[in-house]
Amino acid sequence: MKYDFAAIEKKWQAHWEESKPYAAVTGDPRPKFYGLIEFPYPSGQGLHVGHPRPFTAMDVITRKKRMEGYNVLFPIGFDAFGLPTENYAIKNHIHPAIVTKNNIARFTEQLKMLGYGFDWDRVVDTTDPAYYKWTQWIFLQMFRRGLAYKATMPVNWCTSCKCVLANEEVVEGVCERCGSAVIRKEKSQWMLRITKYAQRLVDDLDGLDYIERVKIQQRNWIGRSTGAEVTFQSTAGDEIVVFTTRPDTLFGATYMVLSPEHALVKKWLPALENAEAVTAYQAEAAGKSDLERTELNKDKTGVELKGVRAVNPVNGKEIPIFISDYVLSTYGTGAIMAVPGHDDRDWEFAKKFGCEIVEVVAGGDVEKEAYTVKDDSGIMVNSGFLNGKTVREAIPAMTAWLEEKGIGRSQVNFKLRDWVFSRQRYWGEPIPMVSCPDCGWVPVPESELPVVLPNVESYEPTDDGESPLSKMADWVNTRCPQCGGPAKRETDTMPQWAGSSWYFLRYMDPHDDAFLVSPEAERYWGPVDWYNGGMEHTTLHLLYSRFWHKFLYDIGVVHTPEPYFKRTSHGMILGEGGEKMSKSRGNVVNPNDIVDQYGADTMRLHIMFIGDFEKAVSWSNEAVKGSKRFLDRCLNLVELAKEGEGYSPKNEAVIHRAIKKVTEDIDALKMNTAIAALMSMVNEFYANGCTKGDVKALILMLSPFAPHLAEEMWELTGFSAASGHMAMQEPWPAFDEAKMVEKEKEIAVQVGGKLRATVVIPLDAPDEAVLEIVYANEKIKKLMEGMSVVKTIVVRNKLVNLILKPAK
RNA sequence: GCCGGUGUGUUGGAAUUGGUAGACGAGGCGGACUCAAAAUCCGUUGGGCUUAUCCCCCGUGUGGGUUCGAGUCCCACCACCGGCACCA
């Protein structure tokens, strides 16, 4: 039978467009299942083969869930604000809104071409004012509660994008997006206090079903560490507060180091003997980019502050104070107590600057290297009241002592920094704030939302680091919502991560004018049951959206503290040679070409069959044929199948086994082995012959992977007419363990652990009976000549192992 | 440097979690059909030894170990990939 995939797919897509079998029904009594994929950025290039992998996987999962009786929400939308569109618009002199509209149209067409079961009535577009009205609304709530604030601070500045970046967007000292150098720049920026949620963002990971890699990466990024804060007195009269994870080593603190930006340095400067040297060092440190700072981390630099000293509180000793850029102003208190005997960096610095090194934990040789082991193997020495204790005992003992003296307390610190939330670009959500000379920053009243992005003539980034919006005088100049006096709008826009931080909520209730999501819809659909996305979003989108969701939970908008119950991740699709697909290499595969040549069902099936879902795999145009052949063979069964309702006796066991395998493998994201099981089953059908009843099982299991062909086969075999509905509306087939096994079983016979023969035994035969069969085997008989049996191991229905020795 | 992951045929990848390594595909080889090609179908395909699809030996990055039995568990090492990186 000719497999006319183009006609079949067109036919069924039109049918689905009409009958809407993928519509999610809020409030339906069936159990709900919310499957989510990361919504795409509608780029000008259209879909590439990287997209269908996660999309198809979740499509398969949700299609199976529907057949299992769930009310499924599987939505799609577009994360459409952002730089590539803006840059394209600038280059081609087309408004970004038009570019976005065209790109979304193209993406939509391609997604429909692949036959995904999205609920197309719930499409969300982050650039739609009806959508970003609520993005702005959430920002205002954060502002009201002190979570959004404007601060002047050194920020990451991309020299090419001419825009501020969040810490998460700086990779190895360069811009994540364009790879250009990132420098430090003092700028006044909107910030979101994500650090206030750091503890909860770590703690709540425990109750979630995320793949372990994601949890680990989030924990690393948040970087929680417990220790103590200790106050040192200085000879200048000021107190210096430090954070340390090793309060036990306080007796070994022989000097202190402040970050070059530390406030006390400025205060002390006039009184210092070497003020010029200190100023020079500060200037040098300020001029370094992130990249330089990390690249130069091998060689410690610094300057001693001459004329002021600190006092070690445990022994009253006066110790020198240095500034050095290995101490970061943004972590802890920006100052450390240096314990060169037990910290590698301090040790290196002490050697270079000739500081005293005191051993306070026995076990190493502090003249050769720092001894940093933090377990019970080290015993405290030279440490007064701590002497003789293990490190583990000494930490709480010292913390208690500090608390008693009122000069310290236990303290938790995080690596996570607040989120730099403003961008000096055009194509983003306007930040709904007004700056009034009298009232300061005033939020735009909620009734005036959305603050719509105005049409500008030029949306090019400006060299002075201001947003293109700042050039629009009539938009910028406004009235203060509070006092009515003249005021100016904020001209920076939000980062791309804003719209995607809550989009999954909008899907639940996408057309609501009154609120971002109605409580009924949120209570019914939330949280997302299964979210699949890329590893590259673990410390960006995933962290940010968890933060926003927790905030919305705190203000009563959502009813769960976490947005996503389960998170999985897919590997990348690489080019033929195992290299990353890129335009410059010319190895980009366009899904349209595959669909034209082999059909959408083959494309879908193959991208699931290609390999382990979590790992990167290289695309092979050759190998696609195998998937096409399989579908050809499936279709041919429609003609080959004999009449017959139930499963044929010959195929019954293999069908039940396949159902079990496919059912379990889809839930475990092992689509490749699920498909292999279907292929094996079809091979058996060809070898044994099959009935329509057998083919029915195939159609139902094929339906999530190749929905068009499955419906066509369902119709051709007459099941459609008989049931009055589509295959996808049929219940998922059930398996029966008892029917999975054959009456007879081939088992392995080993002698001394080596495979020597196989024998066929009746299923579940008792050990004695099995051994009888084994001993009757010609080959085994030969091997046993002149030997006696020392031991026999029988594993039921699997193998027999005979241990022999020469008979005397 | 720290954290995590992965090493299996020519190739993408399987292996019921300690029980017949290489399922299922791709490619190759041989054959059928065809004027021919494509498509399709059948057979075969880890290496070595061999007249032999008999037997035997070797084989899951390397070297040891535990076990009747190890791709799977333990110890040491090597290579590659990903994340973090002066976080006190």
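Convention: sequence-line order gives letters A, B, ...; per-chain numbering from 1.
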For this session: Return the nearest nucleotide to the side chain of A:R756; candidates are B:G13, B:C56, B:G19.
Result: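 Among the listed nucleotides, the one closest to the side chain of A:R756 is B:C56.
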For this session: Measure from the ring center of A:F349 to the ring center of A:Y326 and say whether it is less than 6.0 Å.
Result: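 Ring-ring flag for A:F349/A:Y326: true, centres closer than 6.0 Å.
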Problem set entry | Ring center gap for A:F609 and A:F705 short of 6.0 angstrom |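 Judged by ring-centre distance (under 6.0 Å), A:F609 and A:F705 do not meet the cut-off.
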Exercise. Since syn is defined as within 90° of 0, does B:U67 count as syn or as anti?
Worked result: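 Judged by the O4'-C1' to base torsion, B:U67 sits in anti, the angle falling more than 90° away from 0.
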Exercise. Syn versus anti for B:G9, judged by chi lying within 90° of 0?
Worked result: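 In terms of base orientation relative to the sugar, B:G9 is syn.
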Value in whole Å for how far the [atom2] atom of [N] lies from [atom1] of [X]:
X      : N     : atom1 : atom2 : result
A:D346 : B:G1  : CG    : P     : 20 Å
A:I216 : B:C2  : CD1   : P     : 16 Å
A:K745 : B:G19 : NZ    : P     : 13 Å
A:W221 : B:C2  : CH2   : C1'   : 15 Å

For nucleotides 67-72 of chain B, which of its nitrogen or oxygen atoms have a protein nitrogen or oxygen under 3.5 Å away, and what is each distance?
unit_1: B:C68; atom_1: O2'; unit_2: A:N801; atom_2: ND2; d: 3.4
unit_1: B:C68; atom_1: O2; unit_2: A:N801; atom_2: ND2; d: 2.4

For this session: Spell out yes or no: do the side chain of A:K300 and the base of B:C86 have one donor N/O and one acceptor N/O closer than 3.5 Å?
Result: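 Side chain to base: pair found, below 3.5 Å.
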Exercise. Is B:C84 paired to anything, Watson-Crick or G-U wobble with both distances less than 3.5 Å, and if yes, which nucleotide?
Worked result: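 Per the H-bond distance test, B:G1.
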What N/O pairs connect the protein and nucleotides 22-26 of chain B at under 3.5 Å? Give each pair on its own line.
unit_1: B:G25; atom_1: OP1; unit_2: A:N683; atom_2: ND2; d: 3.0
unit_1: B:A26; atom_1: OP1; unit_2: A:R629; atom_2: NH1; d: 2.3

Problem set entry | Charged tip of A:R657 within 45° of A:F735 ring normal and under 6.0 Å |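 So A:R657 doesn't make the cation-pi contact.
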For this session: Sticking with atom P, work out how far B:G65 lies from B:U72, rounded to a whole angstrom.
Result: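 Taking atom P in both B:G65 and B:U72, they lie 14 Å apart.
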Exercise. Say you pick atom C1' in B:C55 and the same atom in B:U16; how far apart are they, in whole Å?
Worked result: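 After rounding to an integer number of Å, I get 31 Å for this pair.
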For this session: State whether A:R633 and A:E639 are salt-bridged, where the test is any N-O pair (Lys NZ or Arg NE/NH1/NH2 against Asp/Glu carboxylate O) under 4.0 Å.
Result: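 Not counted as a salt bridge, because no side-chain N and carboxylate O are separated by less than 4.0 Å.
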Exercise. Can you name the residues that form a side-chain hydrogen bond (donor to acceptor under 3.5 Å, both in side chains) with A:R224, not counting sequence neighbours?
Worked result: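 Applying side-chain hydrogen bond (donor to acceptor under 3.5 Å, both in side chains) to A:R224 gives A:Q199.
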